[in-house]
Amino acid sequence: LGCLKEGSMAFAPNLSPRKTHALAAVGFSRFEKVVLAFAEPFWERVVGRRHVIHAPSDAPLPRFEVFFSLNAARGTAKAPHVLVAIVGGAD
């Protein structure tokens, strides 16, 4: 997206005005994720069986405040319990 927005790529034929306008309107920022696997879903004792967990913090930015529990997508009982931590926003 960055290359398209700065105009360093050329297209033949040129992009339509509609597509050029759409590219100008789209933005992006940092989006990091960490996937963690555990033998037991310890978080369920605290928040229940929620799939999205918001855990606000006073830690300095950037910080992980949103977690996704992927337990509903476990294929077998032997599969690990997975928690995905997400941080995003401007640099």
### Message
Does Phe68 form a side chain to side chain contact (heavy atoms under 4.5 Å, CB included) with Leu83? I'd like the steps, not just the answer.
### Response
CA-CA 6 Å; Phe68 294 94; Leu83 199 59; over 6 Å; no

With a cut-off of 3.5 Å and sequence neighbours excluded, list every side-chain donor-acceptor pair involving residues 21-28.
none

### Message
Surrounding NZ of Lys5 (heavy atoms of other residues, nucleotides or ligands, distance under 6.0 Å), is the total greater than 12?
### Response
yes

### Query
Roughly how far, to the nearest 0.5 Å, is the NE2 atom of His81 from the CZ atom of Arg74?
3.5 Å

### Residue pair Ile86, Phe31: steps toward the side chain to side chain contact (heavy atoms under 4.5 Å, CB included) verdict
CA-CA 7 Å; Ile86 305 288; Phe31 183 81; 3.4 Å; yes

### Message
Looking at Gly48, is its backbone amide N or carbonyl O close enough to the side chain of Arg45 to form a donor-acceptor pair, meaning the two atoms are under 3.5 Å apart?
### Response
no

### Glu65: salt bridge (charged side-chain N to carboxylate O under 4.0 Å, His left out) partners, not counting sequence neighbours
Arg63

### Task
Could you check Val84 against Leu36 for side chain to side chain contact (heavy atoms under 4.5 Å, CB included), going step by step and ending with a plain yes or no?
CA-CA 6 Å; Val84 180; Leu36 307 162; over 6 Å; no

### Query
Nearest heavy-atom pair of Trp43 and Val82: which atoms, and what distance?
CZ2-O, 4.0 Å

### Message
Pair Leu4, Phe11 - check side chain to side chain contact (heavy atoms under 4.5 Å, CB included), show working.
### Response
CA-CA 10 Å; Leu4 291 172; Phe11 290 89; 3.5 Å; yes

### Student check: side-chain heavy atoms of Pro80 and Phe38 closer than 4.5 Å
no

### Task
Could you tell me whether the side chain of Glu44 reaches within less than 4.5 Å of the side chain of Asn71, counting heavy atoms only?
yes

